[in-house]
Amino acid sequence: MRLNEFIINDIKPLSSDSKINELQQLFNQLTYSHIPIKDENNVFLGSFFETDAHCFDSDKSINDYLYAVEDFFVRDTTLWLDVLEAFAQNSANIMPVLNDKNTYMGYYELNDVIGLFNESPFFFEAGGVLVVEKGINDYSFSEISQIVESNNGKLLGAFVSKMKNDIVQVTLKIGNTSLNDIIQTFRRYSYNIASGHEEDAFTQNLKERSDYLNKYLNM
């Protein structure tokens, strides 16, 4: 299904010559973080944030507060992952959609885009989740893919989930095989295993040997 099939048109942009009171009433009726605004020529101007709207004089015109309009939007051709990023960057749950001629087409709802993300194989396909770490200049996705596939694994998805102090953390969803052999190969390639949602035989063996050594020393 194409993302633009999720474009909604049930709320039209409010005209900039409307009263602030109309904007405030609209926010009271809805659960959206922003409301799109257009000028008298139906040109999209941006969106008003709910908190800002309730701080303004209700008797004044929206035109008096156009400096507060937030100018964010996506195109009808924007990929869903970039749309999701736009939601996050603008702390919004509604995203205006424009075509290549800058004509307002409607908006996306955050829940719809997240729902599309949840339908991806990364989430619904059976498999294990593995989080690996390596230096920011030392890791590569091609190497990560090679390690997984050389152990007959099926890489269902991968993304950088954390970057801190020159260390990159990559989260992997792996199907088609046990994670143990893959984990050992990652260690041979100097990756640290931050998390593995299957039993890690290497860690378990170390624990068993440590317990045995402690019992021996306490004899």
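- Taken from CG in Leu179 to CG in Asn151, the straight-line distance is 10.5 Å, to the nearest 0.5 Å.
- With a 4.5 Å cut-off on side-chain heavy atoms, Phe27 and His54 count as touching.
- Side-chain contact annotation: Glu50 with His34, donor-acceptor N/O pair under 3.5 Å absent.
- Salt bridge status for Lys164 with Glu133: absent, with no side-chain N to carboxylate O gap under 4.0 Å.
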**Prompt:** So Thr185 and Arg188, side-chain hydrogen bond (donor to acceptor under 3.5 Å, both in side chains) or not? Walk me through it.
**Reply:** CA-CA 5 Å; Thr185 306; Arg188 288 196 296 272; 3.1 Å; yes

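- Under a hydrophobic clustering in which Ile, Leu, Val, Met, Phe, Trp and Tyr are joined whenever their side-chain heavy atoms come within less than 4.5 Å, directly or via other members, Ile94 and Val74 fall into different clusters.
- Heavy-atom neighbours of Phe141 CZ from other residues, nucleotides or ligands within 6.0 Å: above the threshold of 12.
- Atom OG of Ser190 and atom NZ of Lys134 lie 5.5 Å apart (nearest 0.5 Å).
- In this structure, a donor-acceptor pair under 3.5 Å is present between the side chains of Ser16 and Asn63.
- Heavy atoms only, all atoms of each residue included: Pro36 and Ser47 are closest at CA-OG, 3.7 Å.
- Ring geometry for Tyr32 against Tyr107 counts as perpendicular: the plane angle is over 60°, on a 0 to 90° scale with 30° as the lower cut.
- Atom CG of Asn192 sits about 7.5 Å away from atom CZ of Arg187, to the nearest 0.5 Å.
- A 4.5 Å side-chain heavy-atom check between Phe44 and Lys38 finds every atom pair outside the cut-off.
- Glu149 is linked by a salt bridge (Lys or Arg N to Asp or Glu O under 4.0 Å) to nothing, counting only residues two or more places apart in sequence or in another chain.
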Please tabulate, for the side chains in residues 82-92, all donor-acceptor contacts under 3.5 angstrom to protein atoms that are two or more places apart in sequence or on a different chain.
{"unit_1": "Glu85", "atom_1": "OE2", "unit_2": "Gln89", "atom_2": "NE2", "d": "3.1"}
{"unit_1": "Asn90", "atom_1": "ND2", "unit_2": "Ala86", "atom_2": "O", "d": "2.8"}

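- Ile11 is connected to Ile62 through a chain of hydrophobic side-chain contacts under 4.5 Å among Ile, Leu, Val, Met, Phe, Trp and Tyr, so both are in one cluster.
- One finds the CD1 atom of Ile8 at 5.0 Å from the CG atom of Asp112 (value rounded to the nearest 0.5 Å).
- Looking only at distances, no side-chain donor or acceptor of Asp76 sits under 3.5 Å from a matching main-chain atom of Met105.
- Here the straight-line distance linking atom CE of Met163 with atom CD of Gln169 works out to 11.5 Å at 0.5 Å rounding.
- Considering only heavy atoms from C-beta on, Ile35 stays 4.5 Å or farther from Phe49 through its side chain.
- In terms of heavy-atom proximity, Ser33 sits nearest to Asn93 at N-OD1, 2.8 Å.
- The side-chain contact (heavy atoms from CB on, under 4.5 Å) search around Asn4 returns Arg2, Ile7, Tyr108, not counting sequence neighbours.
- Considering all non-hydrogen atoms of both residues, Gln24 and Phe56 come closest at NE2-O, 3.3 Å.
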